[in-house]
Amino acid sequence: MSGLSATDGELVARARKGDVDAFRQLYERHVGGVYALLRSSLRDRDLVEDIVQTAFIRAWDRLARLRDGDAFKVWIRQTARRAMIDEIRKRRLREADSLDENEESGHAPADPAAAPPDALTRSEMAERVRGAVAELPAHQREVVTLHYLDGMEVKSVAQVLEVPLGTVLSRLARARNALKRKLGGFMDDWTEGGA
Amino acid sequence: MRCDEARRWLDGSADEDMAEDVAAHVERCADCAHHYAEGDRLAGLLRSVGPAPMERDLWDGIQGQLRRRRSPWAWLLAPAAGLAAGALLAMLLLPPVTPSDPGALPEPVESAAFPAQAGDDPSALEEDAQVLAWHASAAAGGGLVDPWSAAIAVSALPSGEEDPS
């Protein structure tokens, strides 16, 4: 079987035997989601990158503990989130409540409907949507990032965050309502435009 | 719970007290699950946007640390390998002088425990100097510190020159 079509479980099995290339494929598959999850909570990009590296190294060291290799997607995000919490405790940093509009976050300023969608490039529109997400409270950003942006099932989101499913659904419902208010008609135009 | 209650919750009421009931309903009701998962344009918008891309690849840094580990089990083997290497190194570097080699020890060791005083026999002073020199050499030789030699060397120093540490 080619490496590209291998399942996470197969790659985990190879990585457990010391196959770094298999682990690299796991990294390439999941690093974007891990990074997005951490960025939804932390504004310091360098710190996020450090924790991403710590998480993958920790995962390599602990692969033997992962009973179901196909659960790697949830496990690596959970590992990263725990590493983030450890790091925050260690550095006595407080989890950011919001990505301030004045921060160097790279997110667009908050005014998603300021310009009509047809006047914006796709990347500009994406930045506006991400900017609206960035304005949500931290616990809502996490669930939106995992569920909508990273495409995880709500059950898996609950596993990553180690909270009940109902809590995830509640946070998602509140976040969706807030985003609908923020994005308004912009949302309709986007989807009708075939984005 | 009825579907309309569940949808009202999903669409905005979001009372956390009802969350478990809604979750249970969504799990067994395919229509509401569909409404929840795919039923609004916001979900499509967010999914089409996706997460913000990373600005740099972190693999090189990760791989550098993995190389040091080599396999998930390396941490088990590393201490044993370290001990073996240390033992080999010690065998190669240690000077051939050992406490069981009496011929290499200067005879009047005991005298070194007593600092030379003004007015002592000059030959005794010279002997003390030789003993102190040997202990200093033994303490420094091979990078290993013999506490006994070091203690003797320190005790032999005049009180004004004692190491403040």
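Because the structure is a prediction, the values reported are computed rather than measured. Side chains included, hydrogens not; waters and symmetry mates left out as well; all remaining heavy atoms used. We name chains A, B, ... by the order of the sequence lines, and we start the count at 1 in each one.
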Practice task
For residues A:H147 and B:R47, determine if any side-chain heavy atom of one lies less than 4.5 Å from a side-chain heavy atom of the other.
Solution key: yes

Problem - B:E55 side, atom CD; A:R45 side, atom CZ - distance, nearest 0.5 Å - result: 4.0 Å

Practice task
Drop me the distance from A:W60's CH2 to B:Q63's CD, to the nearest 0.5 angstrom.
Solution key: 10.0 Å

Fill in the blank from the handout: Applying a strict 4.5 Å limit to non-hydrogen atoms, the region of A:V48 in contact with chain B is neither

Practice task
Name the region of A:V168, side chain, backbone, both or neither, that has any atom closer than 4.5 Å to a heavy atom of chain B.
Solution key: neither

Fill in the blank from the handout: Interface check, chain B: of A:I57, A:D150, A:L172, A:L165, most non-hydrogen pairs under 4.5 Å belong to A:I57

Exercise for the section: Please confirm whether the backbone N or O of B:V49 pairs with a side-chain atom of A:R130, one donor and one acceptor, at under 3.5 Å? Expected result: yes

Fill in the blank from the handout: Output for pair (A:E28 CD, B:D57 CG), nearest 0.5 Å, gives 7.0 Å

Practice task
State whether the number of non-hydrogen atoms from other residues, nucleotides or ligands found under 6.0 Å of A:E153 atom CD is greater than 12.
Solution key: no

Problem - Which atom of B:W59 lies closest to which atom of A:Y27, heavy atoms considered - result: N-OH, 3.2 Å

Problem - Minimum-distance pair of heavy atoms, taken over all atoms of A:L149 and B:L46 - result: CD2-O, 3.2 Å

Exercise for the section: Output the distance between atom CD1 (B:I62) and atom CZ (A:F23), rounded to the nearest 0.5 Å. Expected result: 7.0 Å

Handout entry: Nearest-0.5 Å distance, CG of residue B:L42 to NZ of residue A:K180
Key = 6.5 Å

Practice task
Verify, without hydrogens or angle tests, whether A:R39 (side chain) and B:M54 (backbone) share a donor-acceptor contact under 3.5 angstrom.
Solution key: no

Practice task
Would you mind telling me which of B:G50, B:G61, B:A23 has the largest number of heavy-atom pairs within less than 4.5 Å of chain A?
Solution key: B:G50

